[in-house]
Amino acid sequence: MDYKFTEIEKKWQDIWEKEQAFKATNDFTKPKFYGLIEFPYPSGNGLHVGHPKSNTAIDIISRKRRMEGYNVLYPMGWDAFGLPTENFAIKNKIHPAIVTKQNVDRFREQLKKIGFSFDWDREVDTTDPKYYRWTQWIFLQLYKKGLAYKAEIPINFCTSCKVGLANEEVVNGACERCGGEVVQKVKSQWMLKITEYAERLYDDLDDTDFIEKVKIQQRNWIGKSKGAEVKFKITGTDEELVVFTTRADTLFGATYMVLSPEHKVLETLNIENRDEVKAYQAEAAKKSEFERTEMNKDKTGVMLNGVTATNPVNGKEIPIWISDYVLASYGTGAIMAVPAHDDRDWAFAKKFNMPIIQVITGEGDVNEKANVDVETGTMMNSGFLDGLEVKDAIEKMIAYLEENNLGKAKTNFKLRDWVFSRQRYWGEPIPMVHCEKCGWVPLPEESLPLELPYAESYEPTDNGESPLANLTDWVNTTCPHCGAPAKRETDTMPNWAGSSWYFIRYIDPHNDKEIADKELLKYWMPIDWYNGGMEHTTLHLLYSRFWHKFLYDIGVVPTKEPYQKRTSHGMILGSNGEKMSKSRGNVINPDDMIDRYGADTLRMYEMFMGAFDQAAPWSEQSVKGCFRFLEKVYNLMDILVDGDAYSADLETAIHKTIKKVSNDYEKMKFNTAIAGLMELINEINKKGEINKAELKTFITLLNPVAPHITEEMWEQAGFEGRLYQTTWPEFDEAKTVDSTLEIPVQINGKLRAVVNVAKGASAEDVEKVAFENEEILKFTEGKEIVKKIYVPERIYTIVVK
RNA sequence: GCCGAUGUGGCGAAAUUGGUAGACGCACCAGACUCAAAAUCUGGCGUGGUUCACCCCACGUGCCGGUUCGACUCCGGCCAUCGGCACCA
């Protein structure tokens, strides 16, 4: 029979839609499963082959869960605000809303053609005012709790996109999106205090089932360091300089201090060489943060003349420097320099002839090279710490500092607050109004959504203002507080805003009273399984966890964490092994694949191509291999015979396969699950017939991967109801083992024979058979047998001398 | 520099976590079918040696060493590739 995949796939997609096959019900009596994949950004290029990889994986789990009796929520939506759409709109003079609609329609159609079991009734779109009403609402809650604030800060500014960027969006000094040059620019920006949640974002990872890689990357990004703050008196004044150090034990080795050029205290100090300092500050300000970190080989700096500090533990007077190797944005913007045990301080000390004092024992001369290998060691030149082990010395020093009010234990994070303003059109308007009298005033919640006004031109302005600034009719408003004339905020939100909570809206997408119904949230949260790309680990994943924790704190959501489990798929590379990109000309269009081989083949190939979490190159030859397999599957209809129990000669193979496929799907080892099904079909074809019971199990196991062809076969074979409504097959552990076993026999670790024994044979049984074997006798005759080892059902080993 | 991952046939890979290395698929080779080709089916397919052939033997999972009856798997030391972070005190 001909495998007419186009016809079959269309037929079943229509039936599923008509029957609302994958609708999630609010049936609280059933256990729930909430499966999620990152909703796509509907770009003009259409669906990428990477999308189906993630989607199919969770689709497989979702389909399996339904058959296991779960109430499954597997939704889809659109993360549609963002720069590419806006840039496309500017270039082609089409309104971004229209571009978005076109792209969404295309994406939806493409996704439907692949047969994902999404509940399409729950579609969300971040650019829909009914949706972003709640994005704005969340912002207002953040504002009320003091977690959103406006600050004049140097931001990363992309000279090409003309937009401010979060630290996370700057890659090697360039804009993450366009690769344009990023410079520092001081602007008044809305900021979100993600740093207030740093500790919890770090610690609560312990309660999740995220894959280890994701946890580690998040922890590194949050960058927790335990240490101490230490106060240094500025000699002859009452002023103090506070530094942060992770190595309080090395305080006796601090021979000078360094301040960042931006340090506030510099304004008030009585510096003799003020001009020199000013010149250095100006120089540093010109450089971008990237340039400052790039030029890290050569240390520069200026010593403050006429100002010194006192080392609090030994009373020594030490000089103070400014240098751009000290960052204003981390710790206190000031450090104590311990050149003997820090590479950077050492390089600086060498260049400017500062004294180097070794305080921890170790090999090598600290005058030649800093001794930084000081996790262990004994204190020296350190007064009351002398002779202590490093670990104890840190503790003792911190205790000493606290007792004498010279400092205290302190934990610092690398994570910085989230720059939330964008000077762009295509984003959620920030629902704030600036009044001369009242300052920043939030819009009343009832007035939301604050809709994005229609604009003729949405090109960024040259002065770095948002295009909304040109819409004076919209900008000019009245103060919600006092009624006086006021101006709206013209910056918009970053596109991370809409994606930071979308999974909440899926639970109750049409609710116009609240973000989502409490009972429903209680039932559906948390998300049981979330799959997505590693590239979102430090951006989307962290931001959405932050918002979720905030919503938890104000009683909106019932769980501390949004995602119970997070997994990550490997990238699909072009057939040349390089990243797929238009410029490399190695892009595969999923539509082509569906036209030529069908959606089931596409789905199956993407699951079969390699380990799920690893990158793998595209191979059209292998796509054909999967197609051939599905043809073979379809041809099982030609050899179908009656039978309502597994036949004796296939029983073991089937039980084995049920076990393997069930386990492998759960572990996302889709490639080996499929290989298992291939093995089974090879065995069936060797036999030349399959009975109905066997077919039923076979197509049920394959269904999550290839839902269309299997549903069609289900109908053709005359099984009752629909395959998507059936239950997942069970296996009998006892029947997964063959009745006779092939036991390899090794002598001194080398395979010498394979013997057959019955299932459940004892070591004595195996020994008996083994020593009847000619090969074995050949190698054991006349030798002393030292040892015999039997690993049940695995291997039999003889050691001879 | 730091953190993480990876390294196995011509290629994508697998190995129940210490127990027959290379399952499954691709490519390739041979045969069948065909006037022929495609498709399909059957068989072969790590390297080397030996043999008419079946058999058999040795070697083989990035490199060096170790533990073990037995190592892709564990331990120690390197090398390479790819990600992420990077003057974070």
Side-chain angles (χ1 to χ4, degrees), chain A residues 171-172 212-217 219-221 223-225 227 243-247 250 254 258 260 289 292-297 299 323-327 329-338 341-345 347-348 372 412-416 534-535 537-538 570-571 573 577 605 608-611 613-626 628-629 631-632 635 656 659-660 663 669 671-682 685 736 742-754 775 786-800:
Chain A
V171 177
N172 288 334
E212 208 48 38
K213 236 193 337 191
V214 168
K215 287 191 187 183
I216 289 166
Q217 240 182 67
R219 287 199 188 106
N220 287 346
W221 187 265
K224 183 175 180 173
S225 342
V243 303
F244 175 71
T245 178
T246 53
R247 294 304 297 265
T250 62
V258 189
S260 76
E289 192 154 325
R292 283 173 60 168
T293 57
E294 259 304 272
M295 316 273 196
N296 64 11
K297 287 147 218 150
K299 295 277 183 283
S323 172
D324 62 6
Y325 87 88
V326 176
L327 306 174
S329 51
Y330 183 75
T332 61
I335 62 157
M336 62 176 206
V338 184
H341 304 290
D342 181 285
D343 282 327
R344 296 151 305 180
D345 296 344
F348 190 91
V372 293
N412 257 330
F413 297 91
K414 287 188 206 171
L415 188 70
R416 300 182 202 176
M534 279 311 285
E535 70 273 20
T537 305
T538 49
M571 229 194 311
L573 306 172
Y605 171 63
F608 186 62
M609 62 194 297
D613 59 352
Q614 236 138 9
W618 191 268
S619 155
E620 182 146 352
Q621 293 292 354
S622 295
V623 177
K624 281 186 199 162
C626 291
R628 281 205 283 257
F629 170 75
E631 273 187 319
K632 274 193 217 170
N635 288 335
K656 262 189 201 166
K659 183 180 177 184
K660 180 172 183 56
N663 292 339
K669 294 175 79 173
N671 53 339
T672 51
I674 292 168
L677 289 166
M678 287 173 167
E679 275 179 80
L680 182 57
I681 205 170
N682 289 343
N685 280 328
T736 60
E742 289 191 337
I743 302 294
V745 182
Q746 286 188 344
I747 295 172
N748 289 353
K750 292 203 172 181
L751 180 72
R752 294 303 178 190
V754 178
E775 283 297 317
V786 182
K787 214 188 218 179
K788 292 176 283 194
I789 306 155
Y790 179 55
V791 183
E793 297 178 6
R794 260 302 100 85
I795 197 161
Y796 187 75
T797 295
I798 304 163
V799 185
V800 301

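The sequence lines fix the lettering, A, B, ..., with proteins before strands; numbering per chain opens at 1.
- rU17(B) takes the syn form, because its glycosidic angle lies no more than 90° either side of 0.
- For A675(A), the side-chain atoms get nearest to rA23(B) when compared with the rest of rU16(B), rA89(B), rA23(B).
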Would you check, one step at a time, whether the test side chain to side chain contact (heavy atoms under 4.5 Å, CB included) holds for N671(A) with M609(A)?
CA-CA 7 Å; N671(A) 53 339; M609(A) 62 194 297; over 6 Å; no
Please lay out, stage by stage, how H341(A) and R247(A) fare under the test side chain to side chain contact (heavy atoms under 4.5 Å, CB included).
CA-CA 10 Å; H341(A) 304 290; R247(A) 294 304 297 265; over 6 Å; no
How is the base pairing of RNA chain B summarised as a dot-bracket string, given the Watson-Crick and G-U wobble criteria with both distances under 3.5 Å, [ ] for crossing and | for another strand?
(((((((..(((......[....))).(((((.......))))).((((......))))..(((((..]....))))))))))))....
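- rA39(B) atom P lies 8 Å from atom CZ of R628(A), rounded to whole Å.
- Taking every heavy atom of both residues into account, V800(A) and I747(A) meet most closely at CG2-CG2, 3.9 Å.
- Nearest nucleotide to the side chain of M678(A), out of rU20(B), rG25(B), rA89(B): rG25(B).
- As judged by a 4.0 angstrom heavy-atom cut-off over every strand, D613(A) is placed among residues making no nucleic acid contact.
- The same atom, P, is picked in rC87(B) and in rA15(B); the two are 40 Å apart, to the nearest Å.
- Nucleotides rA38(B) and rA30(B) have their P atoms positioned 12 Å apart, rounded to a whole Å.
- Residue-level contact check: N220(A) touches the backbone only, with heavy atoms under 4.0 Å from sugar-phosphate atoms and none from bases.
- Within 4.0 Å of T537(A), counting heavy atoms only, lies no atom of the nucleic acid at all.
- Rounding to whole angstrom units, NZ of residue K299(A) and P of rA89(B) are separated by 14 Å.
- Comparing K624(A) and Q217(A), the nucleotide of RNA chain B nearest to each residue sits closer to the 5' end for K624(A).
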Which letter, B, S or -, goes with each nucleotide of nucleotides 4-15 of chain B from 5' to 3', with contact meaning a protein heavy atom under 4.0 Å?
SSS-----BSSS
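- In terms of heavy-atom proximity, Y790(A) sits nearest to I795(A) at CD1-O, 3.4 Å.
- Relative to the six-membered ring of Y325(A), K299(A) meets both conditions, a distance below 6.0 Å and an angle of at most 45° to the axis.
- In this structure, L677(A) places its CG atom 18 Å from P of rA23(B), rounding to the nearest Å.
- Each of G676(A) and F244(A) has a nearest nucleotide on RNA chain B; the 5'-most of these lies closest to G676(A).
- Taking T246(A) as the reference, S225(A), F244(A) meet the side chain to side chain contact (heavy atoms under 4.5 Å, CB included) condition, with sequence neighbours excluded.
- Atom-to-atom distance recorded for K414(A):NZ and R416(A):CZ is 10.0 Å, nearest 0.5 angstrom.
- With rounding to whole Å, D342(A) atom CG is found 14 Å from rC2(B) atom C1'.
- With sequence neighbours excluded, the residues satisfying salt bridge (Lys or Arg N to Asp or Glu O under 4.0 Å) with R219(A) are D206(A).
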Is there a side chain to side chain contact (heavy atoms under 4.5 Å, CB included) between W221(A) and T537(A) once you walk through the steps?
CA-CA 9 Å; W221(A) 187 265; T537(A) 305; over 6 Å; no
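- Comparing rC35(B) with rU47(B), their C1' atoms are spaced 42 Å from each other, to the whole Å.
- Residue pairs meeting the side chain to side chain donor-acceptor pair (under 3.5 Å) criterion with at least one partner in residues 614-626 of chain A, sequence neighbours excluded, are R596(A)-E620(A), Y597(A)-E620(A), S619(A)-S622(A).
- By the 4.5 Å heavy-atom criterion applied to side chains, V338(A) and T245(A) are not counted as neighbours.
- Nucleotide rC41(B) holds its C1' atom 15 Å from the CD1 atom of I681(A), rounded to whole Å.
- The OG1 atom of T332(A) sits 8.0 Å away from the CG atom of N412(A) when rounded to the nearest 0.5 Å.
- Remark: the separation of the P atoms in rC75(B) and rC85(B) is 29 Å, to the nearest Å.
- Nucleic acid contact for G331(A): none, since no nucleic acid atom lies under 4.0 Å from a heavy atom of the residue.
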Got a list of protein N/O to nucleotides 65-75 of chain B N/O distances below 3.5 Å?
from    : atom 1 : to      : atom 2 : distance (Å)
rC69(B) : OP1    : K787(A) : NZ     : 3.2

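- Considering only side-chain N and O atoms, N635(A) lies nowhere under 4.0 angstrom from the phosphate OP1 or OP2 of rU40(B).
- For I795(A), counting side-chain heavy atoms from C-beta on, the closest listed nucleotide (rA23(B), rG19(B), rA89(B)) is rG19(B).
- When the P atom is used for both rG9(B) and rG48(B), the distance is 15 Å, rounded to whole Å.
- The CD-C1' distance, from Q621(A) to rG25(B), rounds to 12 Å in whole Å.
- Distance, R219(A) CZ to rC2(B) C1': 17 Å, rounded to whole Å.
- Scored by the ring pair (Phe, Tyr, Trp, His ring centres under 6.0 Å) test, Y330(A) finds no partners at all (sequence neighbours excluded).
- In the interface, the side chain of R794(A) is paired with the base of rU16(B) through a donor and an acceptor atom under 3.5 Å apart.
- rG9(B) adopts a syn glycosidic conformation, its chi angle falling within 90° of 0.
- Comparing the C1' positions of rG76(B) and rA13(B) gives a spacing of 30 Å, expressed to the nearest Å.
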Which protein N or O atoms sit under 3.5 Å from an N or O of nucleotides 45-49 of chain B?
none

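- Between rG65(B) and rC79(B), the distance separating the two C1' atoms is 15 Å to the nearest Å.
- Qualifying side chain to side chain contact (heavy atoms under 4.5 Å, CB included) partners for N682(A), counting only residues two or more places apart in sequence or in other chains: K632(A).
- Contact of the Q746(A) side chain with the T797(A) side chain is registered, since non-hydrogen atoms from C-beta on lie closer than 4.5 Å.
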Extract from the structure each pairing of a protein N or O with an N or O of nucleotides 80-82 of chain B at less than 3.5 Å, listing the distance.
none

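- Note: R794(A) CZ to I743(A) CD1 = 8.5 Å, rounded to the nearest 0.5 Å.
- Every salt bridge (Lys or Arg N to Asp or Glu O under 4.0 Å) that D342(A) has, sequence neighbours left out, goes to R344(A).
- Atom pair K224(A):NZ and rC85(B):P shows a separation of 22 Å (rounding to whole Å applied).
- Not counting sequence neighbours, the partners of T672(A) by the side chain to side chain contact (heavy atoms under 4.5 Å, CB included) test are K660(A), D664(A), K669(A).
- Note that CG of N635(A) is 13.5 Å distant from CZ of R628(A), once rounded to the nearest 0.5 Å.
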